[in-house]
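Along the sequence shown, residues are numbered consecutively beginning with 1. Not measured: the values here are computed from a predicted model.
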Amino acid sequence: MHDSQVSHHNLHQMELLDSLKLEMPPETSFLLQPIFTHGLSCSLHVALLLALLITWACQKAKVGQRESGRTRLYKTGVLYHRRTLFCCLIVCAFNFVLSLLIYFYWYKKDCSDQIVITVDFVMKTVAWGVLCVYLHSRRSSSGELDFPSFLRIWFWAYFFVFCSFLVIDFLLYRKHVLLPIIYLVSDIGSAFLGLFLCYVGFSASKEAKSALLEEPLLSSDSRESSSYESYKNTPYSKAGFFSIVTFSWMSPLIAVGNKKTLDLEDLPLLSNHDSVYGTFPTFRNNLESVCTDDLSRVTTLKLVKALIYSTWKGIVLSAVFAFFYTCASYVGPFLIDIFVEYLNGQESFKYEGYVLAMTFFGGKLVECLAQRHWMFRFQQVGIRFQSMLVAMIYAKGLTLSCQSKEGRTSGEIINLMTVDAARIGEFCWYMHDPWMAVLQVTLALVILYRSVGIASLSAFAATVLMMLANLPLGSLQEKFQRKLMESKDTRMKVTSEILKNMRILKLQAWEMKFLSRVIEIRSTETKWLKKFLFSSGMTRFIFSSAPTFIAMVTFGTCILIGIPLDSGKILAALATFRILQQPIYSLPDTISMIAQAKVSLDRIASFLCLEELQSDVIERLPRGSSATAIEIVDGNFSWDISSPVPTLQNININIVHGFRVAICGTVGSGKSSLLSCILGEVSKLSGIVKVCGTKAYVAQSPWIQGGKIEENILFGKEMDREKYEKVLEACSLKSDLEILPFGDQTVIGERGINLSGGQKQRVQIARALYQDADIYLLDDPFSAVDAHTGSHLFKECLLGLLSSKTVLYVTHQVEFLPDADLILVMRDGKITQSGKYNDILNSGTDFMELVGAHREALSSIKKLERKPTFKETCTTVNETDSLTEFELEENVENKDVQEEDDKGETKGQLVQEEEREKGKVGFEVYWKYITTAYGGALVPFILLLHVLFQVFQIGSNYWMAWAAPASVTSEPPVGSFTLLLVFVVLAIASSFCNLARTMLVFVAGYKTATTLFNKLHMCFFRAPMSFFDSTPSGRILNRASTDQSAVDMSIPLLVAGVAFYLIQLIANIAVMSQIAWQVFLVFIPVVAACIWYQRYYSESARELSRLVGTCEAPVIQHFSETISGSMTIRSFDQEERFHDTNMKLIDRYSKPKLYTTTAMEWLCFRLDMLSSITFAFSLIFLISFPNAISVPGIAGLAVTYGFNLNMLQAALIWVLCNMENKIISVERIFQYTNIPSEPPLVIEENRPDCSWPSSGEVHIQDLQVRYAPHLPLVLSGLTCTFNAGGKTGIVGRTGSGKSTLVQTLFRLIEPTSGQILIDSIRISSIGLHDLRSRLSIIPQDPTMFQGTVRSNLDPLEEYTDEQIWEALDMCQLGDEVRKKEGKLDSIVTENGENWSMGQRQLVCLGRVLLKKSKILVLDEATASVDTATDNIIQQTLKQHFSECTVITIAHRITSILDSDMVLVLSQGLIEEYDSPKRLLEKKSSSLAQLVAEYTRRSNSGFET
């Protein structure tokens, strides 16, 4: 039977050849004969070969004669040269294929025409190949990119000749002569090629002449440029066609990454289309267009429209590639039936097998190319999406009203940037899946109809049924995703607040309580995460079973209605089902991602709809256009528009230029709100506000950017050294800068963490002074500095540099009021009195109340000064009687500045660059990750289940290929029912193995994520305060948000995916090798090449991925800073500069992200080519050795598995590389699980008694402290004792070490040497919580947490409501809280923003009144309250802490003069320590000088 089939095949071939033979009518002219046209073509190509040979010989004779490169010609000519070279390669390959076809199909020895035609195509192949070599060598050796004259002439001749051939073809067609299609294709292609060559020859020549004319004008430096440096300038936008197709434009960067560790500076610039500078303006314009210029009406649909309009070109191009990829992927299933028939001996024409092999190979190449560029394009679009959205969120954040901020915390907004914007970028992976699924199903049905006829309708019905099942699953996924994101938002909000206030948490020993709150929120999050993961697992099971279900329905229908099945049809159907599995299998992911993207888009759209600051609050007048600087007429303002009582009522002020206006009043009277309404920050209910000139603002709570001190002062202005030095002098910053290790180049930690409160305030003032504005708004600028410094600031700044400016300053210190031109007294949001000091002194009770409290404080000083003189017994500095107060200050400032340098201390910046690992991710990281869950016990079971899954899956397909008949007429080995039954059993077994495997992966992943989360948070909650001082919170938030999300959702699937794809690839090779073991001859070197490529790529990709991680944190950090300082930024009109900085940081993040994506495609393209070679080789072997095939069906099965070879290999490498990139998230989390921990919270064997400390004596012995090993000493050998039950006041210039001493007492900082004993117990020998919980503190920065009044006073829930109300009444807040609707459950917003600074400080007082510790520390506890309230607080403390040891740090002299002892610190050393009476006796003492200065300025003011 086989012999008859072969003879039939040969007969058919003879008939085909006869039909293809070209018959010419006898009257046809010789010039129209093929022998003439092909002979002329052959001669033309021979002439080209001779010309190239002669040119080559001439070049060899001119060794050393080389023209210098032309820069412009290189830049423009490279495009022409690459395209020409690529075309030559294509034409050479095309002619080679035609030569083979001509020889095998049409060549006959007795036909002279055919000999000439064959020789012509062979000569074309050789000539174009030689031309490729010539062009490449010409560029490589001499760098010349233009074309020599003879070549341009030949291009024109070529174009003319083949245009003539097209005319001849047309004439023959008119004479009804049917030409073979191969001739027509050749002539048409050659004519178009000739036209292209003429064009590039002319253009390159023109550029060469132009460059030659310009060359003398160029310097030698401009003519010499490094190839890599020129590459760094947007290589993608300047790459040629061939470079873009093969991703070769990435090769230089990958090569650099193999030579050195990549840094950000090594990365090329982004093209304008990828940079946020190019995309964001377009996006914003489109969004405004679809929202009709009202961005408050943004909806999800409008946001999607704007995104699409902004990137439509990239979306359309990726869709085109996706279309070609989809079509090409079905070439194999379409032809497999024919191929099996061929293997079965049913050959339609000679060399049909080779034609089929070439078609398979060609389809595979198109599929690979289209897939690579499709994936690259949509990822490119995704990065653009993300960068545009992050920029938009940032821009919105800068304009949010205060009320909107109360509804959205910074943690929630950070989540929008880090999670939601990134998810919308990732959605681009799935963007084309819906319509691709329709196309794939349609193509599949066409192929199935061809194979199984009407039974394809049942396949269609089954496919639709499976897809419809997605509707309930999709809604379920969306619900879980929304709940998951809500929980994540809450967690990030709390975490962000905790990181900002970690110092107060540790001081109060509350950190573990707040950790338990985070863990509790995480437990809610993990509940939804678990549901999301396991619903995903069930979805995957259902849809992985879909191909089996569809196959069972289809084959069952065939059997029922009697459609015969043979191995070819079955294999075609199975191959189709396997490809159809992709859209069905990915449909759950697509629906899940659509749901996630919709949730994220909804969240971003709702954020963009939030209320912005009213643009019409202020009428801004140009500088010099009005004599009035600030005017408010009948102004009513409210922070909360819905509140029935306005924040400010009936405000009427008129301030002329050059006026100094003081604003005073009790706590919560509306002083800061008045400044805010002038800035336009408070909603205006009615009235008119006019401001003439530029503004500068100093906030009550200092806002300092992370960065150099110089950058904070300049704040975007150019350096004017003379003005800069004057500002430093006026702000008394010069001596501070001399002490700091790097002067004004010292990097300030987050929120100015390595500066004292006074230093931060003075940097703020310096920033305002340097702006040289017209109007200055200063919100209590002197509260955080000592008396000397306050005097200096007032005299040098307000009375000096700002003497001609309009200044409004809020103050609680009455001594700064007499020098004001106008005083505004406020109470309950109204201006109750206004005028000069003496005018309003007796005109109302409000001002008298403030002045009376101040006079009472002065009287206490006078009583002390009138005491009898005692003999000096205290330690003081040398006699300085002749010094004025300011000279004394300078003396104190400059003392021992160089002491640390003399000691040779190592200096270094506190905030270092974020550490990133280098080199390959260690095996230890993988091993720790795999074994985190149950010690890795689930891993063997997961691998076993996947092996079984593969065995059952291959077994089911093998069974169908073996048991089905070879042809319709063949006898089947088994019955139809048995055939289907065994297939279904094996397929169901594989599906259940898949279900069990997926569930175990999710169980292991969930357990690992939970464990790592707990470890990470426990480690950074237990980290020492120095870690938070030197680590910007953005780095920690990045790990808690982005990296944790990767561990939750991505990494388990990627780690498992590597093993699964590897097993699947081995299984595929095993199936292929059963038929063609020789495939190993190619497979082994190809695998070796793949491994080499993967390693070559990994060096760069790994560092690129790490750069992505380190470049994301600055974006978060900058945004966090911007949100907290938005009022300051707006007051200086610096929004544009900050927005520009944000865009630079976004581009800095997008660069490594885009190049990570491109590097992946660079690798996958090369691996695809290699796997295609393996596939082609296996096909050629099957065709060349048909006798080796015993069962054609099995051979066909091998080919169908070969279809997926490149996809599997690429998927394996992609998952492997992606895993290596994502595992860096695990590496980064492990980094923070290894940070040093604080000493134990409790030491069981050394716990103090419950009554400790019973007396409260504090003994300090030789105490030396520094903030970090590389930083200088802050305290340099302190020795003193604070007596039990005594009141000790600590004073000293800003930065002298006062707050450092307190931090050491609470062991926030461990001493370098020395010790502190409390009641004879060394505090370093007991647990931290045993120490901190027994001490009380009112810190320098008053802190409130989001929650309620009750949770802020009693977060540990230890006290009753009665005790809390009692504490509130004692700290003067009882009435204020009773006014609120919720009483103790009244809402406190993030950072306590809905409470004034003074009220926050009173809340801190309430906490210590509840705690009633034996030792109380007051660190600037009354800095933000007025003198009257301060006196009340002091009386309250005297009454309730009379028997306690009270340590008071204060800048107000009156706060420490009634102390038993006063400690004066300077430069970390004890300058004086004695009772205030004794210190005041000696007029040369620092304390006496402070008191004298305070008294003088209080009595007489500053102006002379």
Side-chain angles (χ1 to χ4, degrees), residues 275-277 279-285 287-288 293-296 298 387-405 408 410 413-414 416-417 604 607-623 675-684 689 691 693-699 703-707 711-718 764 767-768 770-777 779 1114-1148 1393:
S275 168
V276 71
Y277 283 99
T279 56
F280 178 67
T282 307
F283 172 65
R284 189 174 191 115
N285 292 338
L287 190 59
E288 288 174 353
D293 294 324
D294 184 4
L295 291 182
S296 64
V298 174
S387 62
M388 290 187 299
L389 288 170
V390 169
M392 193 70 206
I393 292 166
Y394 182 89
K396 182 71 178 184
L398 264 177
T399 61
L400 283 182
S401 67
C402 184
Q403 196 170 359
S404 296
K405 275 190 187 178
R408 295 287 183 121
S410 57
I413 305 172
I414 285 169
L416 292 178
M417 299 178 76
I604 292 174
F607 173 73
L608 296 179
C609 289
L610 289 177
E611 181 190 4
E612 298 183 2
L613 289 169
Q614 295 176 1
S615 57
D616 58 348
V617 171
I618 304 175
E619 184 182 339
R620 291 180 170 84
L621 305 176
R623 176 185 287 186
L675 294 187
S676 297
C677 80
I678 296 170
L679 290 170
E681 297 290 328
V682 190
S683 298
K684 183 174 69 174
V689 183
V691 177
T694 57
K695 308 178 299 295
Y697 171 65
V698 175
W703 178 73
I704 303 293
Q705 272 188 285
E711 293 169 353
N712 270 276
I713 295 173
L714 297 182
F715 205 56
K717 292 272 189 180
E718 293 294 325
Q764 261 206 139
R767 175 173 63 208
Y770 193 82
Q771 298 300 305
D772 196 24
D774 300 314
I775 301 168
Y776 283 82
L777 307 173
D779 195 352
V1115 178
I1116 301 170
Q1117 184 65 31
H1118 179 67
F1119 181 73
S1120 181
E1121 279 185 346
T1122 301
I1123 290 295
S1124 60
S1126 56
M1127 187 183 292
T1128 301
I1129 294 166
R1130 288 191 291 265
S1131 68
F1132 285 90
D1133 296 322
Q1134 292 278 340
E1135 297 99 318
E1136 193 63 37
R1137 182 173 71 87
F1138 272 77
H1139 188 57
D1140 183 68
T1141 302
N1142 178 61
M1143 294 213 287
K1144 284 176 183 172
L1145 291 172
I1146 291 171
D1147 272 356
R1148 191 171 176 263
E1393 295 291 343

* **Partner residues of E711 under the salt bridge (charged side-chain N to carboxylate O under 4.0 Å, His left out) criterion, sequence neighbours left out** => none
* To do: Return the minimal non-hydrogen interatomic distance between V298 and C609, and the atom names on each side.
  => O-SG, 2.8 Å
* **CD on E612 to OG on S401, rounded to 0.5 Å** => 8.5 Å
* Asked: Got T279 and S387 here, is their nearest side-chain heavy-atom distance under 4.5 Å?
  -> yes
* Closest non-hydrogen atom pair between M1127 and S676, with its separation -> CE-OG, 3.8 Å
* To do: To the nearest 0.5 Å, tell me how far L608 CG sits from I393 CD1.
  => 7.0 Å
* Could you walk me through whether I604 and L389 pass the side-chain contact (heavy atoms from CB on, under 4.5 Å) check? -> CA-CA 8 Å; I604 292 174; L389 288 170; 4.2 Å; yes
* Any side-chain heavy-atom pair of I413 and L400 under 4.5 Å -> yes
* Could you give me the CA-CA distance, side-chain angles and deciding distance for V617 and V682, then say whether side-chain contact (heavy atoms from CB on, under 4.5 Å) is met? => CA-CA 8 Å; V617 171; V682 190; over 6 Å; no
* Within a strict 4.5 Å, meaning less than it, do heavy atoms of the M417 and I1116 side chains meet? -> no
* To do: Any chance you could lay out the side-chain contact (heavy atoms from CB on, under 4.5 Å) test for I1129 and W703, step after step, and finish with the verdict?
  => CA-CA 10 Å; I1129 294 166; W703 178 73; 3.9 Å; yes
* Asked: For the residue pair A395 and H1139, what are the closest heavy atoms and their distance?
  -> CB-CE1, 3.9 Å
* With a distance cut-off below 6.0 Å to the six-membered ring centre and an angular limit of 45° from the axis, does R1130 pair with Y697 as a cation-pi contact? -> no
* Asked: Taking only residues two or more places apart in sequence, or in another chain, which ones meet N712 in a side-chain contact (heavy atoms from CB on, under 4.5 Å)?
  -> I704, Q705, I748, V763, R767
* Heavy atoms only: give me the nearest T1128-A699 pair and the separation to one decimal. => OG1-CB, 4.4 Å
* By salt bridge (charged side-chain N to carboxylate O under 4.0 Å, His left out) - contacts of E288 (at least two apart) -> R284
* Asked: Is there side-chain contact between L398 and K396, with heavy atoms separated by less than 4.5 Å?
  -> no
* Asked: Roughly how far, to the nearest 0.5 Å, is the CG atom of L621 from the CD atom of E619?
  -> 5.0 Å
* **side-chain contact (heavy atoms from CB on, under 4.5 Å) partners for I618, two or more places apart** => R620, V689, V691
* Structure fact -> Sorted by chain and number, sequence neighbours left out, salt bridge (charged side-chain N to carboxylate O under 4.0 Å, His left out) with D1133 holds for none
* Can you tell me how far the OG1 atom of T282 sits from the CG atom of L287, to the nearest 0.5 Å? -> 12.5 Å
* **Pair D774 + R623: basic N to acidic O under 4.0 Å** => yes
* To do: May I ask you to test the F280-I1146 pair for a side-chain heavy-atom distance under 4.5 Å?
  => no
* Asked: So do the side chains of L777 and S1131 get within less than 4.5 Å of each other, counting heavy atoms only?
  -> no
* To do: For A391 and V276, work out which heavy atoms get closest and say how close.
  => CB-CG2, 3.9 Å
* N1142 (side chain) donor-acceptor with F1138 (main chain) under 3.5 angstrom -> no
* **For the student: nearest non-hydrogen atoms of H1118 and Y394, plus distance** => NE2-OH, 2.9 Å
* **Note, Y277 side chain near K1144 side chain (heavy atom, < 4.5 Å)** => yes
* Are the aromatic rings of F715 and F1132 close, with centres under 6.0 Å apart? -> yes
* To do: Calculate, to the nearest 0.5 Å, the distance between atoms OG1 and CD belonging to T399 and E611 respectively.
  => 10.5 Å
* Please name all residues satisfying salt bridge (charged side-chain N to carboxylate O under 4.0 Å, His left out) with D1147, sequence neighbours left out, ordered by chain then number. => none
* To do: Please tell me if the side chains of Q771 and K695 come closer than 4.5 Å, counting only heavy atoms from C-beta onward.
  => no
* **Nearest-0.5 Å distance, NZ of residue K717 to CG of residue D772** => 7.5 Å
